[in-house]
Amino acid sequence: METNNQQVRYIIGVGEALWDVLPEGKKLGGAPANFAYHIGQFGERSIAISALGEDKLAEETIKQLDAKELRYIMPHVPYPTGTVQVTLDNEGVPTYDIRENVAWDNIPLTDEMLAVAQNARAICWGSLAQRNVVSRNTIYQLIKATPSDCLRIFDINLRQTFYTKEIIQESLKLCNVLKINDEELVAIGRMYGYPGLDIQDKCWLILGKYDLDMLVLTCGINGSYVFTPGTMSFRETPKVDVADTVGAGDSFTAAFCTAVLKGEPVAEAHRLAVEVSAFVCTQNGAMPPLPAHLCIR
């Protein structure tokens, strides 16, 4: 479901479009589609930007996106559509084997993408889709095209060895909201030479150094934090029966983003994000339909 309406203000997820090959079979995934899908469940106009191959998996992707009523701009390029082998541990926590040199590594910049970016209310991206210079440059151009009031969310999403200090630094400069988990915070602390600080001090330091409006830190079963200049929100993680955690972080980001854009206080946006991601953990795959009571309108 592509769009040519350039005046509508969309919430954009940009980056990897791929299939998660899970123990029970393959499911459409990738952070941009996951994020955009959940944004749409909250009644907002969202769009996923990536690239697809010229193969059967690309055709399946389009069918799935259309079935889920997801808007997208995903040009076809002469590389295979992305796949990821996902294995789950006893707690349902995934590890990923991410195929390289695929379509989403080679996202071309198009006029349609730029037109959408110029009217964006929010844009969300991660580090993974920046592993190749083609997609990295496209992502940077789209972020730089967004208006001054755009929520620019860097959902850092470190995977394997597909990131560098320079890539992280550039995105930290471009974002006004950083979302990071506790393991990623440790890695960033080592990378930037402040491993001795506790997690809260690291977050305050990053918030100030990069002049961020918000920093969201998720710590798995140990709760989550939202830091803003001068304030901090903490919420415990609900105890649920976990099916898998695939896509839970993307649903958290989508819920938080939507609530902030609707003018909710940070603490309320945080509460909703925690409840939504906890529900997604109880379901298989990254894009389960949310129950009505979680879908703020």
Side-chain angles (χ1 to χ4, degrees), residues 1-19 28-40 44-55 57-59 61-66 68-82 101-157 162 167 170-171 173-177 250 253-254 257-258 261:
M1 187 188 292
E2 298 186 51
T3 178
N4 293 311
N5 187 343
Q6 298 175 4
Q7 302 309 309
V8 175
R9 298 201 69 187
Y10 286 102
I11 298 171
I12 302 169
V14 57
E16 60 273 16
L18 49 82
W19 287 80
L28 183 62
N34 297 343
F35 173 78
Y37 172 74
H38 288 295
I39 290 284
E44 299 292 333
R45 285 186 170 268
S46 62
I47 191 162
I49 294 178
S50 189
L52 299 172
E54 298 165 337
D55 48 24
L57 214 47
E59 294 172 17
T61 305
I62 288 167
K63 284 180 185 174
Q64 285 267 341
L65 293 169
D66 287 343
K68 292 180 180 294
E69 300 185 341
L70 249 171
R71 296 174 190 85
Y72 55 88
I73 304 173
M74 297 190 184
H76 294 278
V77 294
Y79 297 88
T81 299
N101 202 29
V102 292
W104 59 261
D105 284 314
N106 297 277
I107 304 169
L109 183 66
T110 69
D111 290 342
E112 186 181 15
M113 291 176 188
L114 280 170
V116 169
Q118 286 162 2
N119 287 292
R121 296 180 68 207
I123 185 167
C124 183
W125 76 97
S127 60
L128 178 57
Q130 297 184 58
R131 67 183 182 177
N132 182 290
V133 67
V134 175
S135 291
R136 189 187 319 145
N137 287 339
T138 294
I139 290 167
Y140 289 169
Q141 291 304 311
L142 293 177
I143 297 164
K144 290 173 181 176
T146 60
S148 59
D149 66 346
C150 182
L151 206 61
R152 298 187 302 277
I153 306 166
F154 180 35
D155 191 349
I156 194 164
N157 210 14
F162 299 131
I167 285 171
E170 188 61 28
S171 285
K173 291 176 183 174
L174 290 170
C175 74
N176 49 32
V177 179
D250 300 321
T253 311
C257 172
T258 304
L261 289 174

Visitor: Would a distance-only check, ignoring hydrogens and angles, find a side-chain to backbone donor-acceptor pair under 3.5 Å from Thr138 to Ile107?
Guide: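 Pair found, side chain donor or acceptor close to backbone of Ile107.
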Visitor: Supply the atom-to-atom distance Leu174 CG to Leu142 CG, rounded to the nearest 0.5 angstrom.
Guide: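 Atom-to-atom, Leu174:CG and Leu142:CG are 11.5 Å apart.
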Visitor: Would you say Cys257 and Ile39 make side-chain contact, with heavy atoms under 4.5 Å?
Guide: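 Heavy-atom side-chain distance check passes, below 4.5 Å.
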Visitor: Do Asn157 and Glu16 have side chains that approach each other closer than 4.5 Å (heavy atoms only, starting at C-beta)?
Guide: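 In contact.
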Visitor: About how many Å separate CD of Glu59 and CD of Glu54, when rounded to the nearest 0.5 Å?
Guide: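 Answer for the CD-CD pair, Glu54 versus Glu59, is 11.0 Å.
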Visitor: Inspect the contact between Glu170 and Arg136 and indicate whether a charged nitrogen and a carboxylate oxygen are less than 4.0 angstrom apart.
Guide: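 No, Arg136 and Glu170 are not salt-bridged.
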Visitor: If you measure from CG on Asp155 to CG on Leu128, what distance do you get to the nearest 0.5 Å?
Guide: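 Atom-to-atom, Asp155:CG and Leu128:CG are 11.5 Å apart.
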Visitor: Hey, is Asp66 close enough to Arg71 for a salt bridge, meaning N to O under 4.0 Å?
Guide: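 Judged by the 4.0 Å cut-off on N to carboxylate O distance, Asp66 and Arg71 do not form a salt bridge.
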Visitor: If you look at every heavy atom in Ser46 and Ala36, which pair is closest and at what distance?
Guide: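 Answer, listing the atom of Ser46 first, then Ala36: OG-O, 2.7 Å.
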Visitor: Could you tell me whether the side chain of Phe154 reaches within less than 4.5 Å of the side chain of Val177, counting heavy atoms only?
Guide: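 No, side chains not in contact.
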Visitor: Please list all pairs passing the side-chain hydrogen bond (donor to acceptor under 3.5 Å, both in side chains) test where one or both residues lie in residues 122-133, with sequence neighbours left out.
Guide: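 Every pair satisfying side-chain hydrogen bond (donor to acceptor under 3.5 Å, both in side chains) with a residue in residues 122-133: Asp105-Arg131, Trp125-Ser171, Gln130-Tyr140, Gln130-Ser171.
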Visitor: Checking the side chain of Arg9 only, and the main-chain atoms of Asn119 only, is there a donor and an acceptor separated by less than 3.5 Å?
Guide: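 Checked: pair present.
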Visitor: For a quick test of reading the model, state the closest non-hydrogen atom pair linking Ala58 to Gly53 and the distance between them.
Guide: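 Heavy atoms of Ala58 and Gly53 come nearest at CB-O, 3.3 Å.
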Visitor: Kindly give the heavy-atom pair with the smallest separation between Ala129 and Ser135, and that separation in Å.
Guide: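 What the structure gives for the nearest pair is O-CB, 3.2 Å.
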Visitor: Ignoring hydrogens and geometry, is there a side-chain-to-backbone donor-acceptor pair from Asn106 to Ala51 under 3.5 Å?
Guide: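 Checking the backbone N and O of Ala51 against the side chain of Asn106, no donor-acceptor pair under 3.5 Å is found.
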Visitor: Using a 4.5 Å cut-off on heavy atoms from C-beta on, say whether the side chain of Met74 contacts that of Leu65.
Guide: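 When only atoms from C-beta onward are counted, Met74 and Leu65 do touch, with a gap below 4.5 Å.
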Visitor: List the atom of Ser50, the atom of Pro75, and the distance in Å for their closest heavy-atom pair.
Guide: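 Looks like O-CD, 3.1 Å.
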Visitor: Going by side-chain contact (heavy atoms from CB on, under 4.5 Å), name the residues that satisfy it together with Gln141, two or more places apart in sequence or in a different chain.
Guide: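 In terms of side-chain contact (heavy atoms from CB on, under 4.5 Å), with neighbours along the sequence ignored, Gln141 is linked to Leu109.
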Visitor: Hey, could you give me the CD1/CG distance between Ile12 and Leu151, rounded to the nearest 0.5 Å?
Guide: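 Here the rounded value is 12.0 Å.
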Visitor: So which atom in Gly30 and which in Leu18 form the shortest heavy-atom distance, rounded to 0.1 Å?
Guide: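 Looking at all heavy atoms of both residues, the closest pair is N-CD1, 3.5 Å.
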Visitor: Kindly indicate, with the supporting measurements, whether the criterion side-chain contact (heavy atoms from CB on, under 4.5 Å) is fulfilled by Leu52 and Trp104.
Guide: CA-CA 7 Å; Leu52 299 172; Trp104 59 261; over 6 Å; no
Visitor: Report yes if some heavy atom in the side chain of Arg45 is under 4.5 Å from a heavy atom in the side chain of Ile11; otherwise report no.
Guide: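 Of all side-chain heavy-atom pairs linking Ile11 with Arg45, none is under 4.5 Å.
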Visitor: Quick one: pull up CD in Glu112 and CD1 in Ile49 and give me the separation to the nearest 0.5 Å.
Guide: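 So the gap between those two atoms works out to 8.5 Å.
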Visitor: For Thr253 and Cys124, which heavy atoms make the closest approach, and how far apart are they?
Guide: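 Closest approach of Thr253 to Cys124, heavy atoms only: CG2-SG, 4.0 Å.
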Visitor: Does any non-hydrogen side-chain atom of Pro108 lie less than 4.5 Å from one of Val134?
Guide: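 In short, these two side chains do not touch, never coming nearer than 4.5 Å.
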Visitor: Nearest 0.5 Å please: distance from the CZ atom of Phe35 over to the CG atom of Asp250.
Guide: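 Here the interatomic distance stands at 8.5 Å.
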Visitor: For Tyr37, enumerate each residue passing the ring-ring contact (aromatic ring centres under 6.0 Å, His included) test, keeping only those at least two apart in sequence or located in another chain.
Guide: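 Once residues adjacent in sequence are excluded, Tyr37 has no partner under the ring-ring contact (aromatic ring centres under 6.0 Å, His included) criterion.
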Visitor: Within a strict 4.5 Å, meaning less than it, do heavy atoms of the Thr61 and Leu28 side chains meet?
Guide: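 Yes, their side chains come closer than 4.5 Å.
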Visitor: Quick one: are Ile62 and His76 in side-chain contact, heavy atoms under 4.5 Å?
Guide: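 Counting from C-beta outward, Ile62 and His76 do come under 4.5 Å.
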Visitor: Tell me if a side-chain donor or acceptor on Thr81 pairs with a main-chain N or O of Leu57 at a distance below 3.5 Å.
Guide: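 No, the answer is negative, given that no donor and acceptor are paired below the 3.5 Å cut-off.
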